[in-house]
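Working notes, structure below.
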Amino acid sequence: MSDVRVRFAPSPTGYLHVGGVRTALFNWLLARQQKGTFILRIEDTDQSRSTEEAIDAILEGMRWVGLDWDEGPFRQTERMDLYRQHAMTLLDHKQAYWCVCTAEELEARRKEAQAKGLSPTYDGRCRARGIMNPTGDAALRFKAPQEGQTVIEDLIKGEVTFDNSVLDDLIILRSNGYPTYNFSVVVDDALMGITHVIRGDDHLTNTPRQIPMFRALGYPVPRFGHLPMIMGADKARLSKRHGATSILAYRDMGYLPEAMLNYLARLGWSHGDEEIFTVPDLIKKFSLDQVQKSSAVFNPDKLLWVNAQHIQHGDPKRVSRLLRPFLDQAGVGTTAKALSDDWMVKLVLALRERAKTLADMAAAAAPYLAEEVTFEPGAAEKFLTPAIVTALTKLADRFAALSEFSHASLEQAFKHVLDEEGLKMGQLAQPVRVALTGRTATPGLFEVMELLGRERTLARLRQGIERAKAAG
RNA sequence: GUCCCCAUCGUCUAGUCUGGCCUAGGACGCUGGCCUUUCAAGCCGGCAACACGGGUUCAAAUCCCGUUGGGGACACCA
């Protein structure tokens, strides 16, 4: 185990979204590659916005994509004493002070400043008051440095310099006794021994506010790396407006977790011209050096393609296992339960080239699971006609006489009928396909027959013949 | 408004640090064809980009400055 310690620290104010997963992924990848420690911390200090449901959704999402954590999940609301203790230390050392300005006053001043075109920062009016024992509601503010510069050696962006004059005195303890974000992160990152803070670049301007707090508290300052944001097609920050943003929605649509991770990794990171990575690949090849500095647009089309690649090249056993719940959803689950793993693997092998999601695959699987054939509109009318009855009948008879119902023997029998009837493959294949599946687009015919088995193949063929006769 | 970040095909990106091998490569999508029992998959081809303007240099997508554009931050949210 190396000394690399990283964390993912979401706030439970909503579901786990795609951007959050990518941040978690990059941290996790770093930890797994360096044999370090990945910590999950729930930042729930906003009483009014945090919910238990959101925490559950975050944990469920993390588990679904397979980003397992080594420590935690910690909840900041269970660590209140720590923040208060540290806040008091700062107060004792005169690095923090009580502020009795009310939220309403501050809001009013902010608006006024903004209207005048000034910076909407706190003017520091309580700084010099030296209030020791506030009577009413009071918040604790951190004395930010006002001179000099804070320089960040960002792992991704490079050197970033801020003039400390842009800093104001941040509230670290609310009047309700809860710490604010910028303070609780510092205390936790310090106490948890975080070595690398890898987070979204929306936090870049928080960094010069946090560094002085580490110093004031006497803790070492971790390394920082700020990841570019993920945008929607309109270049605006990814949000509900851009469709599915909850990671679990992708699970429900039939995406593979490894495909999701593959796609997300490629959003902002690259390894030469490679596109498809397994999770172990990512762990081996990931590097902060190859992370992009600029934001990336989330492209659902490419995600779909990546998913198709993983369905197509992934372990068919695994795919079939993931497919089962989708068969349930498609209403053919009861049949599926009774099916052997071997048969399921055959099914996946037959369908995987034409399925981009597990939901697609489940829909394509229906003809092999349902009792009755459901004809797609127009298919029977077009292909099951009197003209094909003779050939179809001969085929059924030959199939019935087969000692072995296998791909090779079926194909041989099929060719015989073709010869006898003077037909081309396509002329007979489509009617058979429709008779067997009700559809005009399916896997190869002989795979279909193997999947169906002798009984169902013959039964459906004969039903098809009757239907073709009746069409006359 | 102030501060910070960013800038290669529509999108994701290689190339930028360590200028020349770049008449800018790959991928998604779109598109033409091949293969073919359907549909896919696969294979071959096409369209398509260094934001702009100044420098520096024998030479700039690559270095510097500016402009423009995009994004982020400026809460008793995280």
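Protein chains get the first letters and strands the later ones, always in sequence-line order, with residue 1 at the start of each.
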>> Parallel, tilted or perpendicular: which one describes the rings of A:Phe298 and A:Tyr263, with boundaries at 30° and 60°?
In response: perpendicular
>> Give me the distance, rounded to whole Å, that separates B:rG45 from B:rG54 when you measure between the C1' atoms they each carry.
In response: 41 Å
> Expressed in angstrom and rounded to an integer, what is the separation of A:Tyr368 atom OH from B:rC39 atom P?
Replying inline: 15 Å
Could you run down the sub-3.5 Å N/O contacts of the protein with nucleotides 24-26 of chain B?
unit_1: B:rG25; atom_1: N2; unit_2: A:Asp273; atom_2: OD1; d: 2.9
unit_1: B:rG26; atom_1: N2; unit_2: A:Glu275; atom_2: OE2; d: 3.0

>> Could you work out, with side chain to side chain donor-acceptor pair (under 3.5 Å) as the rule, every residue matching A:Asp46, not counting sequence neighbours?
In response: A:Ser48, A:Arg49
> Taking the inter-plane angle between the rings of A:His271 and A:Phe277 on a 0 to 90° scale, is it parallel (under 30°), tilted (30 to 60°) or perpendicular (over 60°)?
Replying inline: perpendicular
>> The test is ring pair (Phe, Tyr, Trp, His ring centres under 6.0 Å); show your working for A:Phe142 and A:Phe183 and say whether it passes.
In response: CA-CA 9 Å; A:Phe142 176 68; A:Phe183 186 60; 8.0 Å; no
>> Counting only side-chain heavy atoms from C-beta out, which of B:rC5, B:rG71, B:rC6 sits nearest to A:Met229?
In response: B:rG71
> Roughly how many Å is it from CZ in A:Arg141 to C1' in B:rC76, rounded to a whole number?
Replying inline: 8 Å
> Between B:rU13, B:rC3, B:rA75, which nucleotide has the shortest distance from any of its atoms to the side chain of A:Phe162?
Replying inline: B:rC3
> Mapping A:Val160 and A:Gly426 onto RNA chain B by nearest heavy atom, which one lands closer to the 5' end?
Replying inline: A:Val160
> Quick one: on RNA chain B, does A:Val166 or A:Tyr263 contact a more 5' nucleotide (nearest heavy atom)?
Replying inline: A:Val166
> Is there a donor and acceptor pair, one atom on the side chain of A:Asn206 and one on the base of B:rA78, closer than 3.5 Å?
Replying inline: yes
>> Nearest to the A:Lys356 side chain among B:rU13, B:rA78, B:rA41, which nucleotide is it?
In response: B:rA41
>> Let's see if you can work this out: which of B:rC76, B:rA78, B:rC3 has an atom nearest to the side-chain heavy atoms of A:Ser175?
In response: B:rC76
> Which of these nucleotides, B:rC28, B:rC4, B:rA14, is closest to any side-chain atom of A:Leu204?
Replying inline: B:rC4
> Nearest to the side chain of A:Asp201 - B:rC5, B:rU37, B:rA40?
Replying inline: B:rC5
> Taking the side chain of A:Ala441 as heavy atoms from C-beta outward, which of B:rC39, B:rA78, B:rG72 is closest to it?
Replying inline: B:rC39
